[in-house]
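Structure first, commentary second.
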Amino acid sequence: MINWRRRGAELFMKILCLASAIAGSLMLFLIIGSVFIGAIPSLTFYFLMTPESATPHIGMGILNAIVGTVMLSVTATLIAIPLALGTAVYLQRYARPGYLVSAIRFFIEVLSGTPSVVLGMFGFLIFVYYMKAVTGGFSLMSGSIALSILIMPVIERAIEDAIMTVDQSLEEGSYALGATKYQTIRGITLPVALSGIMTGIILGFGRAAEESAVVILTAGYTQFMPELAIRANPKFIFGMKIYPAQDLIASLPYAVYHAYENSNVIPLSNGFAAAFVLICVVLVINLAARVVLHLGMNRRRGFPDTGRLVRFFAPRRVDRVVEPIGTSPETQPACPFRELELEQSGNPQISGNKRIYRNQGQKP
Amino acid sequence: MDLREAPKFLFLASAALMALLVLLIFGFITRAAAPVLVKEGFGFVTGSVWDYDTHTYGILVFIAGTLILTAVTMTMVAPIGILTAIYLAEWAPAPVERILRPSIELLVGIPSVVFGLFGFFVLRDYFANTINPTISRILGWIPFFRDVNPGSGTGILLAATILSVMTLPTIVALSQEAIRSVPSDYREASLALGATKWETIRHVILPSAFAGIITSIVLAMMRAIGETMAVVMVLGNLPQVPGSILGEGYAMTSKILNDIAYVLVDPEQLSAIFGIALILFVIEIGMVAFVRAFSAQIGRVWR
């Protein structure tokens with residue numbers, strides 16, 4: 001017998017869940033659509049390709065903001081990568097569980113949850129105010145350092161996730177060949193995790209591009225394009241001001257906020273156009289991150305398919321690793337790592353494969 | 001020392017540097033906030049008067065604004081987010097999921113200043129002319145739903161709507177992950193006993209995924225509390241405790257952003273602004289600690 005009440009509840013809940021899923025995903029199209037419609041009157045080639053300083057009224061061009069956003073995000077990402085990569089490798093491959101590791105993890109989680117306005121204030125007082133002679137106050141340098149603090153945990157977490165998916169047996173194969181830990185990480189772990197690492201870096205880049213509060217508090221705004229120059233200026237350290245690092249820099253989020261604040265002078269469509277360009281930039285970055293990740297990952301359930309990942313990214317290296325020592329026809333033993341080859345000729349003290357030679361009864 | 005150990009210390013150094021950075025930020029903000037915190041004591045948190053002229057700094061109004069806004073946001077977004085996650089994890093056929101999931105996740109990529117612009121110039125008129133009068137007419141007999149400033153669309157409800165959309169992807173992604181991590185044995189056992197899919201979800205899956213879902217809500221709350229740009233644009237920035245969800249308020253983040261440019265010359269005022277940042281930071285650290293304690297039950301859920 002069919003219980004209609006239970007069937008009805010089932011159907012009702014299914015429809016309710018579907019409705020909320022559709023409502024949520026419609027919001028994306030609603031926002032992009034209405035911003036685009038608002039932006040149409042201003043989306044001209046002139047608007048996109050003219051810096052604000054070259055236009056007759058304020059807010060008529062955004063090339064300076066586009067260039068500024070790209071420069072800020074690139075520098076912030078470049079600053080953040082080394083620390084994020086080092087931290088992720090340490091936590092995944094070197095650290096042993098204990099108080100130190102859980103403390104570091106806690107701090108990283110706090111950093112990734114810090115309200116951006118708090119980071120912005122920190123950057124504002126330290127870089128803009130106290131270190132004015134070095135950074136030039138509101139500047140590309142202050143802005144990108146503050147942004148790099150913001151995106152560091154994003155990149156770090158993505159790299160950690162990527163390293164976690166690396167197949168253990170690959171690394172064990174490398175150790176079995178006598179490679180040191182560092183050689184294994186450089187030659188096996190990081191190349192295999194490359195797509196995930198790139199994804200993390202792209203996501204960090206996108207996070208830097210969309211951030212507004214930090215940029216407003218540390219990078220400032222200018223109508224002029226960034227320029228490349230060094231001019232004498234006694235207010236700065238070494239008596240010179242380096243453009244564009246120590247100069248004000250515009251950014252798209254600030255351009256949008258600017259249009260909101262001055263909405264009595266700037267036509268509304270200009271603000272929407274700047275917002276639309278910003279959305280496009282960030283969405284393209286996000287889509288790129290997805291594409292890179294999906295090149296190496298199984299798409300269906302979001303679980304990484306390490307076998308496919310390895311086949312895709314590291315076929316050559318893996319072939320060389322699994323080649324048994326001694327089967328190589330040359331007099332030289334098979335050398336799985338380029339680093340080892342270099343070290344063989346260079347510094348004999350750190351050549352990790354001494355044992356391999358001994359096993360073969362040869363002297364290096 | 002063995003040279004082969006050298007990279008280890010390099011990696012350790014970068015990890016330590018990152019941890020030190022957080023300590024530095026916290027220590028610095030505490031130091032900057034100290035003068036006013038010492039002067040005001042607990043009155044800084046419990047006082048409701050913020051006046052630069054009389055040197056009185058109490059942030060109760062701003063704390064109340066942030067908390068009420070966050071509470072309303074969570075009431076709106078948590079059911080929608082969890083239902084969406086259930087649909088995507090349990091019911092959605094693969095092609096449907098392939099369309100719905102990315103479009104919800106890509107909401108993360110919309111910059112907050114664009115959300116603010118959208119809320120202020122697109123949604124505000126709609127709220128002022130249609131939604132707020134309707135709510136006021138139907139539910140106006142409850143003080144909490146009374147339209148206190150008819151004709152202006154800005155206020156708690158508009159800000160909460162915007163924040164709901166902003167925090168939706170967090171809740172959906174993490175809840176979905178939590179629901180997926182429930183072993184399929186549980187599902188199959190329940191279905192084998194004759195339960196319908198919804199009964200399985202209601203009595204088996206949701207209780208198992210409870211910790212993960214709570215974590216996702218807390219993380220979304222953190223995003224809502226820390227959000228600055230969109231809130232500053234649509235909340236109305238009226239320094240009073242909002243008595244109705246249609247009324248205007250003033251959030252802690254908005255106060256910081258609006259005032260910091262003007263208080264730089266006076267150390268005491270600057271210190272008061274940093275006091276707000278410190279309270280925000282402390283709230284956030286408390287929530288991170290809560291999430292850690294909770295997620296210890298279900299492994300890594302943080303994203």
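Owing to the predicted nature of the structure, the values given are computational and were not obtained by experimental measurement. To find a chain, count down the sequence lines: A is the first, B the second, and so on, and within it residues start at 1.
- In plain terms, the two heavy atoms of A:Glu109 and B:Val288 that are nearest each other are CB-CG1, 3.8 Å.
- Comparing B:Leu123, B:Leu23, B:Ile82 by how many heavy-atom pairs each has under 4.5 Å with chain A, the most go to B:Leu23.
- For B:Thr228, the part lying under 4.5 angstrom from a heavy atom of chain A is the side chain only.
- Of the atoms belonging to A:Leu119, it is side-chain heavy atoms, and not backbone ones, that fall under 4.5 Å from chain B.
- Contact tally against chain B (heavy-atom pairs below 4.5 Å) for A:Leu125, A:Val118, A:Leu16: the top residue is A:Leu125.
- In terms of heavy-atom proximity, B:Val232 sits nearest to A:Tyr260 at O-OH, 4.1 Å.
- Taking the six-membered ring where tryptophan is involved, the planes of A:Phe122 and B:Phe28 are perpendicular, since the angle between them exceeds 60° and thus also 30°.
- Of the inter-residue distances, the one linking B:Glu284 atom CD with A:Ser112 atom OG reads 7.5 Å to the nearest 0.5 angstrom.
- Using a 4.5 Å heavy-atom cutoff, the side chains of A:Phe29 and B:Ser103 are in contact.
- Under a cut-off of 6.0 angstrom, the local environment of CZ in B:Arg31 is sparse, with at most 12 non-hydrogen atoms contributed by other residues, nucleotides or ligands.
- In terms of non-hydrogen atom pairs under 4.5 Å with chain A, the most contact-rich of B:Ile256, B:Leu264, B:Ile285 is B:Leu264.
- The shortest side-chain heavy-atom distance between B:Leu117 and A:Tyr257 does not fall under the 4.5 Å cut-off.
- Between A:Val282 and B:Ile110, every side-chain heavy-atom pair lies at or beyond the 4.5 Å cut-off.
- Of the two parts of A:Arg93, neither the backbone nor the side chain holds a non-hydrogen atom closer than 4.5 Å to a non-hydrogen atom of chain B.
- Heavy-atom distances place both the backbone and the side chain of B:Leu12 under 4.5 Å from chain A.
- The most heavy-atom pairs under 4.5 Å with chain B, out of A:Pro82, A:Ser102, A:Ala95, A:Ala19, come from A:Ser102.
- With a 4.5 Å cut-off on non-hydrogen atoms, A:Leu100 touches chain B through its side chain but not through its backbone.
- Using a 4.5 Å cut-off between heavy atoms, A:Phe276 does not touch chain B at all.
- Within the model, atoms OG of A:Ser116 and CD of B:Glu227 stand 6.5 Å from one another, a figure rounded to the nearest 0.5 Å.
- Comparing A:Ile31, A:Leu111, A:Leu217, A:Ile126 by heavy-atom pairs within less than 4.5 Å of chain B, the highest count is held by A:Ile31.
- The 12-atom threshold is exceeded at NZ of A:Lys181, counting heavy atoms of other residues, nucleotides or ligands nearer than 6.0 Å.
- The CG atom of B:Leu83 lies 4.5 Å from the OG atom of A:Ser20; values are rounded to the nearest 0.5 Å.
- For A:Phe12, no part lies under 4.5 angstrom from a heavy atom of chain B.
- In this structure, the side chains of B:Met222 and A:Pro115 stay at 4.5 Å or more apart for every pair of heavy atoms.
- Distance CE/A:Met27 to CG/B:Leu106: 14.5 Å, rounded to 0.5 Å.
- Within the 4.5 Å cutoff, the side chain of A:Arg7 has no heavy atoms near those of the B:Thr196 side chain.
- There is no contact between B:Met287 and chain A, counting heavy-atom distances below 4.5 Å.
- Once rounded to the nearest 0.5 Å, the distance linking OG1 of A:Thr87 with CE of B:Met18 reads 5.0 Å.
- Side-chain contact between A:Lys14 and B:Trp198: absent, with no pair of heavy atoms (C-beta onward) separated by less than 4.5 Å.
- Using a 4.5 Å cut-off on side-chain heavy atoms (C-beta onward), B:Met229 and A:Ile216 make contact.
- Across B:Ala15 and A:Tyr90, no two heavy atoms sit closer than the pair CB-CD2, 3.8 Å.
- Contacts between A:Leu283 and chain B at a heavy-atom distance below 4.5 Å involve the side chain alone, from C-beta outward.
- In this structure, A:Ile279 and B:Pro111 approach most closely via the heavy-atom pair CG1-CD, 4.4 Å.
- Per-residue heavy-atom pair counts under 4.5 Å with chain A were compared for B:Thr84, B:Ile276, B:Ile99, B:Leu100, and the maximum is reached by B:Thr84.
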Exercise. How far apart are the C-alpha atoms of A:Ile149 and B:Ile25, what are their side-chain angles, what is the distance that settles it, and do they pass the side chain to side chain contact (heavy atoms under 4.5 Å, CB included) test?
Worked result: CA-CA 10 Å; A:Ile149 298 175; B:Ile25 294 172; 4.1 Å; yes
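- Contacts of B:Pro102 with chain A are made by both backbone and side-chain atoms, with heavy-atom separations under 4.5 Å.
- Ranked by non-hydrogen atom pairs under 4.5 Å with chain B, the options A:Thr114, A:Ile32, A:Ile104 are led by A:Thr114.
- No other option in A:Ser263, A:Ala209, A:Gly86, A:Gly206 has as many heavy-atom pairs under 4.5 Å with chain B as A:Gly86.
- Chain A forms more heavy-atom pairs under 4.5 Å with one residue of B:Phe120, B:Phe274, B:Trp91, B:Phe118 than with any other, namely B:Trp91.
- Using a 4.5 Å cut-off between heavy atoms, B:Leu270 contacts chain A through its side chain alone, with no backbone atom that close.
- The part of B:Ile29 that comes within reach of chain A is its side chain, from C-beta onward, which places non-hydrogen atoms under 4.5 angstrom from that chain.
- Smallest separation of non-hydrogen atoms from A:Asn286 and B:Gly109: ND2-CA, 3.4 Å.
- The nearest pair of heavy atoms linking A:Gly24 to B:Leu107 is O-CD1, 3.9 Å.
- Using a 4.5 Å cut-off between heavy atoms, A:Glu156 touches chain B through its side chain atoms alone.
- For B:Leu21, the part lying near chain A is the side chain, with the backbone staying farther off; criterion is any non-hydrogen pair under 4.5 Å.
- Within residues 164-172 of chain B, the residues that have a heavy atom under 4.5 Å from a heavy atom of chain A are B:Val165, B:Leu168, listed by number.
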Exercise. Yes or no on side chain to side chain contact (heavy atoms under 4.5 Å, CB included) for B:Phe11 and A:Leu85, after CA distance, side-chain angles and deciding distance?
Worked result: CA-CA 8 Å; B:Phe11 291 129; A:Leu85 187 66; 5.9 Å; no
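- The parts of A:Phe272 that come within reach of chain B are both its backbone and its side chain, each placing non-hydrogen atoms under 4.5 angstrom from that chain.
- If you measure heavy-atom distances from B:Ala13 to chain A, you find no contacts under 4.5 Å at all.
- The shortest distance between side-chain heavy atoms of B:Glu105 and A:Arg290 falls below 4.5 Å.
- In this structure, B:Lys197 does not pair ionically with A:Glu10, as no charged nitrogen and carboxylate oxygen lie closer than 4.0 Å.
- Options B:Tyr87, B:Phe115, B:Phe121 differ in how many heavy-atom pairs under 4.5 Å they form with chain A, and the most are formed by B:Tyr87.
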